[in-house]
Amino acid sequence: MTEIQEQKQKQIEIPLLTSPPPLTVRWFHAIDGPIVDPIAVRNAKREASLHQMNSTPPSPPPRASPKSWVPFSKRDTMALEKAFQDKSEQPVSVNEDHLFQVNVTKREITPVYWEGPTYEVRRATWFMQGDSASKWIPCEEKMSKQIEDGYQKHKPYAKPVKQDSDVIPSLEEQKQENLDTLDTKKTPSLENEKKLDGEEGEEEKEEKEYLLGPYLGQYVVYTSPTDAWLLYDTTGAKIAKNFLTLLTKNQNLGGTKLIRGFREVEAKEKKEAEKKKDEKESNKYEDAIKEKSRQMASDTIGKISAEKRKEMDDIEMTKRQAEDYANEDSEEELRNIDQLVFVIHGIGQKMSERMGQNFVHDVNLLRKTIKSTWPIAVSGTTSLGRANGIQVLPILWRKGIEFGSNDNSEGNSETDMGMTGDDDGSPTIGEITLDGAPNIRTLVTDVFLDIPLYMTNRYHDQMINVITKEINRVYQLFINRNPTFLTNNGKITILAHSLGSLLAFDILSAQPLTSAQKLQAERSGNDVAFTEKKVAKLAFPVKNYFAVGSPLGMIMLLRGHKMISRKTLDPAKQNALSKYNIPPVPSTNISSQFNDQTAPITFIYPACDNVYNIFHKSDPVAYRLEPLVVRHYGAKLKPEPIAYIKGGLKSMLDAGVNMGNDIATKAGAMFESFRMGVTSNILMRGLGFSKPLENACPDADMHLRSASDPELQKTRAAAKSAAKLKLLNPTGRVDFCLQEGILENAYLSALSVHLSYWQDVDVAGFLIREIYRMEDNPDLVLV
């Protein structure tokens, strides 16, 4: 029996179909090769401004074709397909929490609430194989239409197709078998293949579908109801096709493989994943060798060429974009958002953009961390009876701050710092920067320049207005898209990092007083000038203010400021304050925050219910706030540690220590209560009283003690100080520190902790607990 006859016996016929299989449509979007990237545009303008006085500015590189694609969820695909069929021009909200929108007409996806790149969108029906067997890329829609038209014309589903029932042999086995079949050691020629085809006698004439337009010179061969091949109509391609067809026994035609419908893509990807899993189990030794090779390569990382390093950076950027645009499969119903968190970044945003980093990515990491931490964070507290309703949105402000920029191409005679008329305007930063040590000077300009800008009155006010307008814009956009937020009594939280915490605090401090607060201020006889500074006002009340890695304490100390809750201006809270003898309105002048020479100390009233200061002990930028509320009392208190929920050995040790301390405390309290109760009972009965004396006269002891008793004064001062802190948030503490791990080194951590808050599980758990703390007991503020 010849090899060809044996091969015939191994082949099975696929049953004929009378109608084409249903076409499964899936919508995709790219995560590389953006259509428009605002950050790249700004960087290109910056580079052009540096070259405009020396030479011709460099032309921007052409847009690269996208290579990485992500499928939309089934929910979003149905919405996009409906809009496509209805020819709707309205944008379709997609992805996690509908944070992105798709223009179906233009086939573009963009972020809704923040500035970000615009990527291409495709309605995928046919897919071509990528650079690996498991990677399938959606074909361009024009190409897919031509391929589908040819599919309907040639009807490959209605023709008998023979397919091997066994697994395709390896390449070496295929070579040997073909050599034996041809009985020659020479490479199979075109004539040999024709003879072989004639001997077999069953090879049907190929039906080719030639493509038109931009795909001219290519054609498609349909090999099954779901498979096809994309080939080039050239002599070299024909020779390669004949050679590979013979070599692989019709399994590879030498072109690009195509498959029809996303259902087939899922089936092939699943099969390939199972195959890789089996190979991984059988190739552990090879994996160990590869790992050793990677370690050796890491030792020579400094020798990597600039092109290779750029390629690695592009891959990392693609991974970040994949995380940002597809944080989850988004198949479930939309979340009921009742807590909206605005995140304000600190210094160095321009440097981050230049280095390819992205603050939006950090905020997306925080949102993801909050979602993953939610079950752990609420497990030890009273059940809230709800799912996670926290939404986190970034506030980008640095791009709106212009500093000494002049665009002569647009004919502007007035610059950010310049003058009108005959004056030629103010120079730019680039024009006054020296040429030496460019990397260090770029670092200073893009990072540390933000600090003197903040300390300058003019640019401080510009920063405040830019941030306030951006927050109001995002808030209004969110309300328009989520009208149930207000009906659900949604609350607003501001989370600010580093320099952003200073700007956010200044915004909250500059918010105008209510009518009742103004009346209370007038009754106190103090001049409270809140409205003298012309700053934009927030369009909503703020519930919580979280300062993360914040130098606010240092700045307030330099300005001679102290913090006090705005609740002291609320008449409804005066009864709660009077028992601690807290004055309702201390002397204040908030309008003179930057040139205050009237008083050594100025009291600042942030317009929010709760204030929190979160920091890592090793953070070189962070400072405490409690001594700026109550000096001596706050200085004696140690920062409150945030619950450590990361797991590991430290969690086990902490659990044991806490359990031991709790048992000891309860046992001591029980013994003390028993001792005092027995002693009091015997003494009272010996004197002839049936009830303790303090029950008959509760204030007797207070009347007997002198008002000048030092211990009593200390107790009253401590109670007064504790009440002031209690007014700033329900916990009675303001400073909260992250706990260090057992093997963590403070000096080494100082280099990274300032930027590590976004994906810290302990920070996420603390935010969850404090944001929802007042849900069950709103009177905590007054206790």
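Because only heavy atoms are used, hydrogens play no part in the values below, and waters and symmetry mates are left out as well, while side chains stay in. Please read all numbers here as calculations on a predicted model, not as lab measurements.
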| request: Determine the minimum heavy-atom distance between R367 and N364, stating which atoms define it. | output: NH1-OD1, 2.7 Å
| Nearest heavy-atom neighbours spanning A83 and V92 | CB-CG2, 3.7 Å
Polar side-chain atom of [X] near backbone of [Y] as donor-acceptor pair, under 3.5 Å:
| X | Y | value |
| --- | --- | --- |
| E141 | R123 | yes |
| K268 | V265 | no |
| D32 | K67 | yes |
| Q146 | L212 | yes |
| D37 | P117 | no |
| R260 | T125 | no |
| R122 | P138 | yes |
| Y151 | P225 | yes |

| task | To the nearest 0.5 Å, tell me how far L80 CG sits from F72 CZ. | result | 5.5 Å
| query | What distance do R481 atom CZ and Q101 atom CD have between them, rounded to the nearest 0.5 Å? | reply | 4.5 Å
| With sequence neighbours excluded, residues passing ring pair (Phe, Tyr, Trp, His ring centres under 6.0 Å) with W758 | F359, H497
| message | Restricting to ring pair (Phe, Tyr, Trp, His ring centres under 6.0 Å), what partner residues turn up for H154, sequence neighbours left out? | response | Y222
More than 12 non-hydrogen atoms from neighbouring residues, nucleotides or ligands closer than 6.0 Å to [atom1] on [X], yes or no?
| X | atom1 | answer |
| --- | --- | --- |
| Q759 | CD | no |
| F84 | CZ | yes |
| E89 | CD | no |

| said: Testing the 3.5 Å rule here: is there a donor-acceptor pair between the side chains of E148 and W126? | reply: yes
| query | Strictly under 6.0 Å, is that where the ring centroids of Y119 and F100 end up? | reply | no
| query | Below 4.0 angstrom, N of the basic side chain to O of the carboxylate: do K145 and D149 qualify? | reply | yes
| request: Apply side-chain contact (heavy atoms from CB on, under 4.5 Å) to L231 and K208, showing your working. | output: CA-CA 10 Å; L231 304 162; K208 303 177 181 179; over 6 Å; no
| query | How are the rings of F262 and F127 set to each other: parallel, tilted or perpendicular (split at 30° and 60°)? | reply | tilted
